[in-house]
Amino acid sequence: MARYIGPKTRISRRYGEDIFGSGKVLKRNYPAGQHGNNRRRKQSEYGLMLAEKQKAKYTYGVLERQFRNLFEKASAKDGVTGEVLLQLLESRLDNLVYRLGMAPTRAAARQLVSHRHITVDGQVVNIPSYSVKPGQIVAVREKAKSLEVINAALAGFNHSKYPWIEWDENVKGGKLLHLPERADIPENIKEQMIVELYSK
């Protein structure tokens, strides 16, 4: 399946923030290219909404069709559509592996899932988009517990960072306690603009 594999810093500079969670500080927080530092051009309202959707897609590593399907799913559920959309994105297996500190980035988390290093309730799941339900436990597979990439990512990671996840060192995994409230999701995404874009 197609994924963005181009220069990540270029995308981060476009939005002026670390989109991919690499932890790198942007030396120049304006778009790349000859006219990147030219601030005179004002973006239209539609352009701002589209940029917000693109930022969310890049942040969570989701393709357009997947994103639209998630939006339609969020629209059909009770609650505020934008918040439900973010909850659906947050409950993806690759995102939870990243949130639990098993991988340094979501792309690395997706690879761990695809390579069958992650279990959900003791069963190996290799689908990054798998939707984890509250109460389920996401853990490192027994065979993968000695992997250097996982241990390096977990070293010094603050597991009390996210109140909706509970870490258990004994199983090297964590339980999704409940879906996160909007205030608990740290991503700088204006989800209401995405809702307005799809409602046009």
Step-by-step side chain to side chain contact (heavy atoms under 4.5 Å, CB included) determination, V195 to S199:
CA-CA 6 Å; V195 174; S199 301; 4.0 Å; yes
Can you find a pair of side-chain heavy atoms, one from I189 and one from E52, that are under 4.5 Å apart?
yes
To check you understand the geometry: which heavy-atom pair defines the closest contact between V124 and R116, and what is its length?
CG1-CB, 3.8 Å
Find out if a path of hydrophobic residues (ILVMFWY) with successive side-chain heavy-atom gaps under 4.5 Å connects V138 to V149.
yes
Around K53, counting heavy atoms of other residues, nucleotides and ligands shown, do more than 12 lie under 6.0 Å from its NZ?
yes
Taking all non-hydrogen atoms of both residues into account, name the closest pair between P128 and S114 and its distance.
CG-OG, 3.7 Å
Shared hydrophobic cluster for L176 and V125 (ILVMFWY, side-chain gaps under 4.5 Å)
yes
For S91, is there any backbone N or O sitting under 3.5 Å from a side-chain donor or acceptor partner on N95?
no
For H115 and H117, take the angle between the two ring planes, folded into 0 to 90°, and tell me which bin it lands in: parallel under 30, tilted 30 to 60, perpendicular over 60.
perpendicular
Classify the angle between the aromatic ring planes of H159 and W167 as parallel (below 30°), tilted (30 to 60°) or perpendicular (above 60°).
parallel
Distance-minimising heavy-atom pair for I118 and V140:
CD1-CA, 4.4 Å
Which pair of non-hydrogen atoms, one from E83 and one from E191, has the smallest distance, and what is that distance?
N-CG, 4.1 Å
If I compare all heavy atoms of Q66 with all of V62, which pair ends up nearest, and what's the gap?
CB-CG1, 3.3 Å
Return yes if a side-chain donor-acceptor contact under 3.5 Å exists between Q136 and Y130, otherwise no.
yes
With rounding to the nearest 0.5 angstrom, report the CG to CD1 distance, L70 to I194.
11.0 Å
Would you please test M102 and F157 for side chain to side chain contact (heavy atoms under 4.5 Å, CB included) and show each step?
CA-CA 9 Å; M102 299 172 187; F157 186 82; over 6 Å; no
Under the criterion side chain to side chain contact (heavy atoms under 4.5 Å, CB included), which of I185, I165, L86 is the partner of P180?
I185
Calculate, to the nearest 0.5 Å, the distance between atoms NZ and OG1 belonging to K57 and T59 respectively.
11.5 Å
Here the gap from Q192 atom CD to M49 atom CE, rounded to the nearest 0.5 Å, amounts to 10.5 Å
For Y60 and E90, test the side chains for any donor-to-acceptor distance below 3.5 angstrom and give the result as yes or no.
yes
To the closest 0.5 Å, what do you measure between CD (E64) and CG (N69)?
9.5 Å
Are V171 and V132 linked, directly or through other ILVMFWY residues, by side chains that come within less than 4.5 angstrom of each other?
no
Y98 and P104 have their tightest heavy-atom pair at CE1-O, 3.4 Å
Single-linkage hydrophobic cluster, 4.5 Å side-chain cutoff, L179 and L177 together
no
Derivation and outcome, side chain to side chain contact (heavy atoms under 4.5 Å, CB included), residues N188 and K55:
CA-CA 9 Å; N188 180 27; K55 184 166 78 168; 3.9 Å; yes
Show, in sequence, the C-alpha distance, side-chain angles and deciding distance for K77 and E72, and conclude whether the salt bridge (charged side-chain N to carboxylate O under 4.0 Å, His left out) test is met.
CA-CA 9 Å; K77 286 179 176 281; E72 287 172 3; over 6 Å; no
With heavy-atom distances below 4.5 Å as the criterion, would you say the side chains of W164 and D184 are in contact?
yes
Distance-only, no hydrogens or angles: does the D94 side chain make a donor-acceptor pair with backbone N or O of R106 under 3.5 Å?
no
Backbone N or O of G101 within a donor-acceptor pair of the K161 side chain at under 3.5 Å?
no
One should read off an interatomic distance between L89 CG and S129 OG, to the nearest 0.5 angstrom, of 11.5 Å
Partners of A74 by side chain to side chain contact (heavy atoms under 4.5 Å, CB included), sequence neighbours excluded?
T81, V84, L85, L88
Within-4.5 Å side-chain heavy-atom neighbours: V97 and V113
yes
Listing request: all salt bridge (Lys or Arg N to Asp or Glu O under 4.0 Å) pairs with a residue in residues 123-150, at least two apart in sequence or in separate chains.
E142-K145
Output for pair (K172 NZ, T119 OG1), nearest 0.5 Å, gives 12.5 Å
Just wondering, do Y46 and L50 contact through their side chains at under 4.5 Å, heavy atoms?
yes
Would Y162 and L93 show up in the same hydrophobic cluster when neighbours are defined by side-chain heavy atoms closer than 4.5 Å?
yes
Side-chain donor/acceptor of R68 to backbone N/O of F71, under 3.5 Å
no
